[in-house]
Trainee: 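Have a look at this one before I ask anything.
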Amino acid sequence: MSVFEHLLETKASKGAGYLVLVDPDRWDIDELELFINKINVSGADGIMVGNSLTLGEGEQQMMKRIQEIATLPVILFPGNVNQLSPHVDAVFYLSVISGRNPQFLIGDQVQAAPVVRHLGLEPISTAYMLIESGRVTTAEFVSGSKPIPRDKDEIAIAHALAADYLGFKFIYLEAGSGAKYSVTPQMVKAVTSYTDVPVIVGGGIHTPEVAGALVKAGASFVVTGNVLENPDNSHLMEAFAKAIHKS
Ligand code: 1GP
């Protein structure tokens, strides 16, 4: 089964799925192993790996280790072409459609395509929409693009429809890692009432209650990153999985 099929099957059987984002820059290798083992048994449905900007060394090594330990599909969430790796099962093949920066709309994708083919990765085309979230996030800054205002549902809807008509497999509503405010359930509801393309929501989601509300509003997948980087919060993973699956 492809990773895309696994994700669709997750949505069909559980209502919605939970993806945990692992930023390899934030962990040393021993902590990382513990963390991946916890994710494996948390009830999560997949592991995303990546970040908008990498400072640390050994990222490929970290990805290799993650794939060795993970019992869930590992999906690259790339901030740039250099993060492409043979040590993932699939790649969210992102285009930042909320922006008008040609590099992030199509330039990087053209650079990446032969590499993806050469590595034999499964590309999952994903329309990435940055949503304003109370502060400038790294994704916003690095992509050199303006996010969609968080209260302008009609702009989000128009972008989502364009993504649908262009044939993207997923729409990703992204407040940005460390966002002050997550994407509103109202925006998720608005977007999902106009398109059947499954919607992934991430950025600034810190409680299972918020995750559950986003699923009730129509999200097919919810992503958490930062909140689990504090080891005191790792127990939250199971609560996130439960809230997302039952909502
Ligand atoms: C994934 O960028 C997000 O969409 C992750 O955001 O780190 O704020 O959870 P957080």
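One-based numbering, in listed order, for ligands and for the atoms of each.
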Trainee: Could you tell me the residue and atom name of the protein heavy atom closest to atom 9 (O) of ligand 1, and the distance to it rounded to 0.1 Å?
Mentor: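 Nearest protein contact, heavy atoms only, for atom 9 (O) of ligand 1 is Gly225 N, 2.8 Å.
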Trainee: Are any of the N/O atoms in Gly204 less than 3.5 Å from those in ligand 1?
Mentor: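 Among all N and O atoms of Gly204, at least one is under 3.5 Å from an N or O of ligand 1.
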Trainee: Where do Gln60 and Ser85 land on the side-chain hydrogen bond (donor to acceptor under 3.5 Å, both in side chains) test, with the steps shown first?
Mentor: CA-CA 7 Å; Gln60 292 290 330; Ser85 164; 2.9 Å; yes
Trainee: Could an N or O of ligand 1 be found under 3.5 Å from any N or O of Phe77, whether backbone or side chain?
Mentor: no
Trainee: Would you mind listing which atoms of ligand 1 come within a distance below 4.0 Å of any non-hydrogen atom of Gly202?
Mentor: 4 (O)
Trainee: May I ask you to identify the nearest protein heavy atom to atom 4 (O) of ligand 1, giving residue, atom name and distance to one decimal place in Å?
Mentor: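 Answer, as residue, atom name and distance: Tyr172 OH, 2.5 Å.
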Trainee: Run the numbers for me: atoms of ligand 1, each under 4.0 Å from some heavy atom of Val223, listed by number.
Mentor: 1 (C)
Trainee: Give a yes-or-no answer on whether the side chains of Lys180 and Ser133 include a donor-acceptor pair shorter than 3.5 Å.
Mentor: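 Side chains of Lys180 and Ser133: no pair found under 3.5 Å.
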Trainee: With heavy atoms of Glu174 as the reference, note each atom of ligand 1 found under 4.0 Å away.
Mentor: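 Once the distances to Glu174 are compared, the set is 1 (C), 2 (O), 3 (C), 4 (O).
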Trainee: For residues 200-221, dump all side-chain donor-acceptor pairs below 3.5 Å to protein atoms at least two apart in sequence or in another chain.
Mentor:
unit_1 : atom_1 : unit_2 : atom_2 : d
Thr207 : OG1    : Val210 : N      : 3.1
Ser220 : OG     : Lys11  : NZ     : 3.2

Trainee: Looking at ligand 1, does any of its N/O atoms fall within less than 3.5 Å of an N/O of His206?
Mentor: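 Min N/O separation from ligand 1 is not below 3.5 Å for His206.
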Trainee: Hey, can you tell me if Tyr172 and Phe77 have their rings parallel, tilted or perpendicular (30° and 60° cut-offs)?
Mentor: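 Judged by the thresholds at 30° and 60°, the geometry between Tyr172 and Phe77 is parallel.
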Trainee: Any idea which protein heavy atom is nearest atom 5 (C) of ligand 1, and the distance to it?
Mentor: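 For this ligand atom, the closest protein heavy atom is Leu21 CD2, 3.7 Å.
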Trainee: Under a 3.5 Å cutoff, is there a donor and acceptor pairing between the side chains of Tyr128 and Ser143?
Mentor: no
Trainee: Within less than 4.0 angstrom of ligand 1, does Thr224 place any heavy atom?
Mentor: yes
Trainee: Within ligand 1, which atoms have a heavy atom of Gly178 less than 4.0 Å away?
Mentor: 7 (O), 8 (O), 10 (P)
Trainee: Can you check side-chain hydrogen bond (donor to acceptor under 3.5 Å, both in side chains) on Asp89 and Gln67, steps first, answer last?
Mentor: CA-CA 8 Å; Asp89 302 310; Gln67 200 188 32; 3.0 Å; yes
Trainee: On a heavy-atom basis, which atom in His159 and which in Ile97 lie closest, and how many Å separate them?
Mentor: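 Smallest heavy-atom distance, with atoms named: CD2-O, 3.2 Å.
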Trainee: What heavy-atom pair brings Thr10 and Gly17 nearest, and what distance separates the two atoms?
Mentor: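 For Thr10 versus Gly17, the nearest heavy atoms are CG2-CA, 3.8 Å.
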Trainee: For ligand 1, which is the ligand I care about here, please tell me if Val227 has any N or O atom under 3.5 Å from one of the ligand's N or O atoms.
Mentor: no
